[in-house]
Amino acid sequence: MSEHFLVTGGQRLEGEVSVGGAKNSVLKLMAAALLAEGTTVVTNCPDILDVPLMAEVLRGLGCDVELEDSEVRITTPAEPKYHADFDAVKQFRASVCVLGPLVARCRRAVVALPGGDAIGSRPLDMHQSGLRLLGAHSEIEHGCVVAQADDLHGANIRLVFPSVGATENILMAAVLARGETVIDNAAREPEIVDLCNMLNQMGAKVSGGGSTTLTIQGVRKLEPTTHRVIGDRIVAATWGVAASMTRGDVRVRGVNHKHLGLVLDKLRTAGAEVTPEVDGFRVVQRERPKAVNFATLPYPGFPTDLQPMAIGLASVAEGTSMITENVFESRFRFVEEMIRLGADARTDGHHAVIRGVPVLSSAPVWSSDIRAGAGLVLAGLVADGVTEVHDIFHIDRGYPRFVENLRGLGGIIERVGTE
Ligand code: UD1
């Protein structure tokens, strides 16, 4: 049985919503537990499908994993297994983040490739070339990335693009390598800083987290720790954009507003009053949003994960918006679904031009990934009638308690099963 959402448009969102830990952080922190023998505890874990899936990957590697409420306890053996097979990793791409820790801990890793993704091809060349510079031979063989190192040593590594995943894998391999590693043009996302903080709590020597240069002094051994995941800035911003689109008044809690500097500025340009608060922010939009241009870029640029929400906002804004996607090649597939909802949108390569219309028109639409799914629900909130959003398992992978949270803000949404 698959499920879909029925979203009734026309409601103004109002109230308060709390976000959990960041999906893009928790999975890497769970992988980092492989680096130390013993029990690592990660708290503030979001209630999303990817967390139990990651637990399965770790169990397959010999860890004992207990999940309870928002806490995960991972007990890593003295000698973890080094083979993450296809059955374990096929369901989600982030599982590739076990590669770096396995190379560090076992000096070898075999990690099945999870395959293509609806947002564009996602090669691992930067992960591999970084690991090679650290002394790990790495090839793709029979659908797996295979890495082996006799001697893992420090190196100077300059990434051609500040890839989040490559930065994380190289970092997690380098913490147990001999000598100093410098990663230049490293990703600067808050989730990378979260990982650096946890690694340092475990006894690693990492400096420069949040800047373009990470310096790592390798150590012989790490110890388990307890670490709280940072709040999910993408989920938080989704609710902020929803407030703006529906001319609502929403207070978002559980996130550091500084992680959303540019995003909140864009909402201000759209005409919202945005107030930073101690553990979040508040968005109040009184008039119809104004058109805003967005260009996605690595942090601190506008996040590609919020591009569908930006398109949703642009679709009902007054005026014409230009949206440029610089990170993932196929992310504009989502625009086809928006056109189905009556958006006046046109794409050319990695640019989209959106002429705002006063109201969208409900239709059946299909989610192609987590963020596209959330973007379609937001569009449904400003469409006349009832919008059917299909393939919502994507949304469940990234948004904890999505229906409850949206209803809590006054949205009308129903989860319906289909045979
Ligand atoms: C992570 C996030 C994802 C977010 C993305 C960019 C997780 C689980 N996912 O994905 O939500 O949208 O960062 O902020 O944290 N690339 C290469 N070769 C490589 C690695 C990447 O060409 O070896 C390219 C990718 O195809 C893409 C770009 O670099 O075009 C950015 O990818 P990357 O930053 O690595 O994203 P992920 O870590 O996969």
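Both counts, for ligands and for their atoms, begin at 1 and track the order of listing. On a predicted model such as this, the values are computed, not experimentally measured, just so you know.
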Check: Quick one: does Ala166 get an N or O within less than 3.5 Å of an N or O on ligand 1?
Finding: no

Check: Can you list the atoms of ligand 1 that are under 4.0 Å from a heavy atom of Leu124?
Finding: 23 (O)

Item checked: Enumerated ligand 1 atoms positioned under 4.0 Å from heavy atoms of Met126 -> 16 (N), 17 (C), 18 (N), 19 (C), 20 (C), 21 (C), 22 (O), 23 (O)

Note to self: So, regarding Lys23 and ligand 1 (criterion: nitrogen or oxygen to nitrogen or oxygen, under 3.5 Å), is there a contact or not?
What the structure shows: no

Next item on the list: Measure from atom 20 (C) of ligand 1 to every heavy atom in Pro123, Cys97, Gly398, Gly165 and give the option owning the shortest one.
Entry: Pro123

Notebook entry, point to check: Between Gln128 and ligand 1, which residue portion shows a heavy-atom distance shorter than 4.0 Å: side chain, backbone, both, or neither?
Noted result: neither

Item checked: Atoms in ligand 1 flagged as close to Val327, the criterion being non-hydrogen separation under 4.0 Å -> 27 (C), 28 (C), 30 (O), 31 (C)

Item checked: Polar side-chain atom of Thr246 near backbone of Leu13 as donor-acceptor pair, under 3.5 Å -> yes

Notebook entry, point to check: atom 4 (C) of ligand 1: which of Ile192, Asp305, Val164 has the nearest heavy atom?
Noted result: Asp305

Next item on the list: Mind checking whether Tyr299 contacts ligand 1 via backbone (N, CA, C, O), side chain (CB onward), both or neither, at a 4.0 Å heavy-atom cut-off?
Entry: neither

Margin query: With a sphere of 6.0 Å drawn around CZ of Arg268, does it hold more than 12 non-hydrogen atoms of other residues, nucleotides or ligands?
Written below: yes

Note to self: With a 3.5 Å distance limit and no angle check, can you tell me whether Asn185 reaches the backbone of Arg158 through a side-chain donor-acceptor pair?
What the structure shows: no

Next item on the list: Output yes when the distance from some N or O of ligand 1 to some N or O of Lys28 is under 3.5 Å, and no in every other case.
Entry: yes

Margin query: Tell me every residue that passes ring-ring contact (aromatic ring centres under 6.0 Å, His included) with Phe281, counting only those two or more places apart in sequence or in another chain.
Written below: none

Check: Does any N or O in the side chain of Glu414 come within less than 3.5 Å of the main-chain N or O of Leu6, such that one atom is a donor and the other an acceptor?
Finding: no

Note to self: Do Lys266 and Phe294 form a cation-pi contact, if we require the NZ or CZ to be under 6.0 Å from the six-membered ring centre and within 45 degrees of the ring's axis?
What the structure shows: yes

Check: With backbone taken as N, CA, C and O and side chain as the heavy atoms from C-beta onward, which portion of Leu27 lies under 4.0 Å from ligand 1: side chain, backbone, both, or neither?
Finding: neither

Margin query: Treating Glu337 as the side-chain partner and Trp366 as the backbone partner, does any N or O pair qualify as donor plus acceptor under 3.5 Å?
Written below: yes

Check: Is the number of heavy atoms from other residues, nucleotides or ligands under 6.0 Å of Asp151 CG greater than 12?
Finding: yes

